[in-house]
Amino acid sequence: MIKAAGLRTHYCAEVTAQLVGEKASLCGWVNSVRDHGEHLSFVDIRDHTGTVQIVTERNPELRTESAIRAVGVVARRPEGTDNPHIASGEVELREASIELLGPAAVTPFTIGGHTEVEESTRLRYRYLDLRRERMQSNLRTRAKVNQAIRTAMERQGFCEVETPLLWTPTPEGAREFLVPSRLQPGNFYVLPQSPQIAKQLLMVGGFDRYYQIARCLRDEDLRADRQFEFTQLDMEASFVTQHDVRAFITEVIVEVVRATRGAELEGIGQITWFEAMDRYGVDKPDLRFGSPLVDLTELLGQGDIRAFAAPCVKGIKAPTSEPLSRSRLDALVERAKSLGAKGLAWFRVVEGDGGATLESPLAKFLDEQRTAAFIEALGLQVGDLALAVADGWETAVKVLGQIRLDLGRPGLDHSELHFLWVVDFPLFEGLDEDGNPVSAHHPFTMPNEEDFGLLDTDPLRVRSQSYDLVLNGWELGSGSIRIHRGDIQAKIFEVIGIDPDEAASRFGFLLDAFRYGAPPHGGFAFGIDRLAAMMSGEENIREVIAFPKTQSGLDPLTNAPKPVAQGVLDLVGLTVKARR
RNA sequence: GGACCUGUGGUGCAGCUCGGAGUGCACGCCGGCCUGUCAAGCCGGAGGUCGCGGGUUCAAAUCCCGUCAGGUCCGCCA
């Protein structure tokens with residue numbers, strides 16, 4: 001590391017036995033003061049690398065968290081006084097003088113040490129919270145993620161291009177933040193929900209491998225994994241297939257894991273959307289644990305058992321070894337009903353006369369042979385719990401998939417990383433109020449060529465050339481090959497019920513651009529906040545964001561949003577209506 | 001828009017079911033002692049409108065209603 005020429009000669013972690021006898025100048029904050037009378041005081045100085053003990057005279061002015069500079073000589077500690085818990089524990093700074101650079105008032109909470117502090121308090125004093133080890137570590141991990149992304153993208157020949165923050169309203173997708181125009185009063189820009197259209201224009205513009213670490217803004221409700229503003233790796237490439245795009249992104253992920261964990265990731269597995277839904281009941285399966293759904297339609301859905309008379313019967317071996325009480329089971333049944341199932345059947349596997357057998361209100365409907373087949377199909381052993389849902393395919397897999405997650409999550413290992421590609425998403429999901437199919441991704445997503453014929457006959461069965469990247473059950477990002485041909489785009493607009501005039505008014509500039517030699521292209525974007533959170537072992541992206549908003553969209557540090565003066569509103573031609 | 005959880009000295013909690021004086025614990029803060037501690041220790045002290053408003057009651061941190069704030073989730077996030 002290059003030595004700063006300023007007030008500091010070393011960081012705390014560099015102060016080791018190798019420096020004994022040398023003069024050192026350390027800068028940082030007072031972590032703790034231990035006075036032993038007037039003539040002996042231990043002051044721990046802290047920077048982001050660690051702490052060093054300074055031996056000095058008592059100074060009542062030196063309050064915890066004051067910014068200081070300490071100049072002294074690195075010395076071996078007396079026999080028997082080493083501190084094995086810190087890197088500098090064999091030495092201390094002696095003959096030291098401490099310069100008080102920035103005296104500190106009493107802080108609202110402890111910065112060093114192990115005190116838990118409520119998140120709302122941490123956010124109100126975020127500048128102090130940032131000094132704590134957790135945030136120092138998380139934000140530095142995030143910086144490594146950014147660095148690794150740039151390294152991998154540059155290595156693959158991608159060119160970083162910035163796109164506008166002041167963009168044009170597009171009445172599709174997420175709600176946008178409005179920005180009033182001063183020079184054109186009554187007109188508005190919006191902040192981009194993503195650089196999607198801009199990057200497709202860059203493809204027409206010949207930047208055939210583009211990337212950007214891009215801020216995106218969406219005026220939607222906040223969650224543990226969602227803030228108004230978030231950061232994506234946004235990328236797009238021309239003359240590529242979906243396999244190429246996934247290979248580019250896989251390379252990035254490998255580099256990120258290398259930079260943050262020092263581990264070599266052996267590629268990323270792949271599963272189709274249908275298989276993910278059919279086996280795990282979600283399009284972002286968490287594969288840190290097993291318990292896939294098993295099809296029991298043939299075994300149980302023959303109609304002879306009323307509870308299972310349905311088009312689809314799915315079962316799982318519960319992903320928990322904890323024996324569940326009758327009331328817990330009843331709660332599970334209620335949970336299944338609230339998720340839309342008609343019911344939930346449970347079976348405890350117990351030791352019977354002739355080996356394992358089932359204990360359940362429904363056990364009496366299963367003869368010996370079907371009991372054995374049931375146990376076999378789910379791979380059950382004595383002590384296991386099995387659950388089954390009978391319904392339409394979609395309801396059966398979704399309900400059981402959610403219950404699988406409810407039961408499986410508590411035992412998860414947070415240091416484990418399970419990346420997964422989910423491919424072959426359907427092009428449309430459901431119908432709108434006019435009976436037209438709704439684009440699952442966005443209307444520029446290329447259909448799977450094998451399914452072109454279905455666009456007219458059975459559009460809901462058309463697969464798309466789109467793909468998601470999943471990490472431990474979190475959707476990290478998604479991408480697709482885009483439509484670059486006018487005839488296919490016109491066909492899609494026709495299917496989803498957008499007439500040519502409407503298409504022209506909404507996306508005219510993009511469709512115009514595509515008339516001048518549009519290359520085939522596709523891309524991807526993934527959430528850096530979510531990736532950084534996972535790499536930091538955090539379950540909330542606020543922990544990897546320096547200054548986040550609360551769930552109601554307030555900034556606890558600045559108290560934004562706030563009213564503005566009438567004169568400011570006049571400039572942009574706005575009037576604020578009285579609140580109801 | 002909806003469901004659930006939380007709100008008690010500066011910080012983190014307990015107390016709330018079963019109403020009875022602001023009661024307790026840990027950290028921090030203030031004063032004193034202390035020449036080898038390291039989350040220093042010992043002695044003493046200060047600090048609270050129990051988020052806010054209303055109701056029930058002889059009596060409310062505790063029960064009821066409303067409201068605000070924080071969190072988790074549903075809706076929403078092409």
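Residue numbers begin at 1 in each chain, while the letters A, B, ... track the order of the sequences.
- Figure legend: cation-pi geometry between A/R506 and A/F493 absent, as NZ or CZ is not positioned both under 6.0 Å from the six-membered ring centre and within 45° of its axis.
- For the side chain to side chain donor-acceptor pair (under 3.5 Å) test with A/R482, the passing option among A/Q465, A/Q200, A/E236 is A/E236; the others fail.
- Side chain A/R226 to base B/C76: a donor-acceptor pair is found below 3.5 Å.
- Within 4.0 Å of A/Q196, counting heavy atoms only, lies at least one base atom of the nucleic acid.
- Among B/G12, B/U37, B/C27, the nucleotide with an atom closest to any side-chain atom of A/T110 is B/C27.
- Side-chain atoms of A/R223 and base atoms of B/G75 include a donor and an acceptor less than 3.5 Å apart.
- Below the 3.5 angstrom threshold, one finds no donor paired with an acceptor across the side chain of A/R218 and the base of B/C77.
- Using C1' as the reference atom, B/U11 and B/U72 are 24 Å apart when rounded to the nearest Å.
- A/R77 places no side-chain N or O within donor-acceptor distance of the main-chain N or O of A/D82, the cut-off being under 3.5 Å.
- At the heavy-atom level, A/T51 lies nowhere under 4.0 Å from the strands shown.
- Looking at heavy-atom distances under 4.0 Å, A/P108 makes contact with sugar-phosphate atoms alone, never a base.
- The gap from the P atom of B/C73 to that of B/A26 amounts to 36 Å, rounded to the nearest Å.
- Evaluation of atom-type donor-acceptor distances gives no pair under 3.5 Å for the side chain of A/E116 against the base of B/U11.
- Checked against B/G12, B/C30, B/U35, the side chain of A/H36 finds its nearest nucleotide in B/U35.
- As rounded to the nearest Å, B/G20 and B/U62 have P atoms that lie 11 Å from one another.
- A salt bridge links A/R34 to A/D44: one of the charged nitrogens lies within less than 4.0 Å of a carboxylate oxygen.
- As rounded to whole Å, 13 Å separates atom C1' of B/C73 from atom CG of A/N540.
- Using C1' as the reference atom, B/G1 and B/G75 are 8 Å apart when rounded to the nearest Å.
- Nucleotides B/G47 and B/G9 place their P atoms 15 Å apart, quoted to the nearest Å.
- Residue contacts shown for A/S32 are limited to sugar-phosphate atoms, with no base heavy atom under 4.0 Å away.
- With rounding to the nearest 0.5 Å, the separation of CG in A/L476 from CG in A/D225 is 10.5 Å.
- Note on A/R94: nothing from the nucleic acid sits closer than 4.0 angstrom, heavy atoms only.
- A/L554 comes within contact range of the sugar-phosphate backbone alone, with a heavy-atom separation under 4.0 Å but no base atom that close.
- Only the C1' atoms considered, B/U49 is 42 Å distant from B/U37, to the nearest whole Å.
- For A/R122 against B/U11, no side-chain N or O and base N or O form a donor-acceptor pair under 3.5 Å.
- When each of B/A69, B/A40, B/C29 is scored by its nearest atom to the side-chain atoms of A/R34, the top-ranked nucleotide is B/A40.
- At the phosphate of B/U11, neither OP1 nor OP2 sits under 4.0 Å from any side-chain N or O atom of A/R132.
- Remark: B/U23 base-pairs with B/A14; criterion is Watson-Crick or G-U wobble with both hydrogen-bond distances under 3.5 Å.
- In this structure B/G45 sits in a base pair with B/C29, meeting the Watson-Crick or G-U test at under 3.5 Å.
- The CZ-C1' distance, from A/R124 to B/G10, rounds to 11 Å in whole Å.
- A donor-acceptor pair under 3.5 Å is absent between the side-chain atoms of A/N31 and the main chain of A/R46, judged by distance alone.
- When each of B/C77, B/C30, B/U72 is scored by its nearest atom to the side-chain atoms of A/R542, the top-ranked nucleotide is B/U72.
- Across the strands present, B/A3 finds its partner in B/U72; the criterion is a Watson-Crick or G-U wobble pair with both atom distances under 3.5 angstrom.
- Applying the 3.5 Å distance criterion, the base of B/C38 shares a donor-acceptor pair with the side chain of A/R77.
- Comparing B/U23 with B/C42, their P atoms sit 26 Å apart, to the nearest whole Å.
- A donor-acceptor contact under 3.5 Å links the side chain of A/E92 to the base of B/G36.
- In this structure, A/L405 atom CG and B/C74 atom P are separated by 11 Å, rounded to whole Å.
- Nucleotide B/G53 forms a pair with B/C65, judged by Watson-Crick or G-U wobble geometry with both contacts under 3.5 Å.
- Nucleotides B/G22 and B/A61 place their P atoms 6 Å apart, quoted to the nearest Å.
- When distances run from any side-chain atom of A/Q53 to the nucleotides B/C29, B/U11, B/C38, the shortest one goes to B/C38.
- Under the 3.5 Å distance criterion, the side-chain polar atoms of A/D432 are left unmatched by any main-chain donor or acceptor of A/V438.
- A/T81 comes within 4.0 angstrom of a base, heavy atoms only.
- In this structure, the nucleotide among B/G70, B/A39, B/G12 sitting nearest to the side chain of A/T121 is B/G12.
- Both the sub-6.0 Å distance and the 45° axial angle are satisfied by A/R246 relative to the ring of A/Y467.
- Across all strands shown, A/S552 has heavy atoms under 4.0 Å from sugar-phosphate atoms exclusively, and none from any base.
- If you measure from atom OH of A/Y125 to atom C1' of B/G12, you get 15 Å, rounded to the nearest angstrom.
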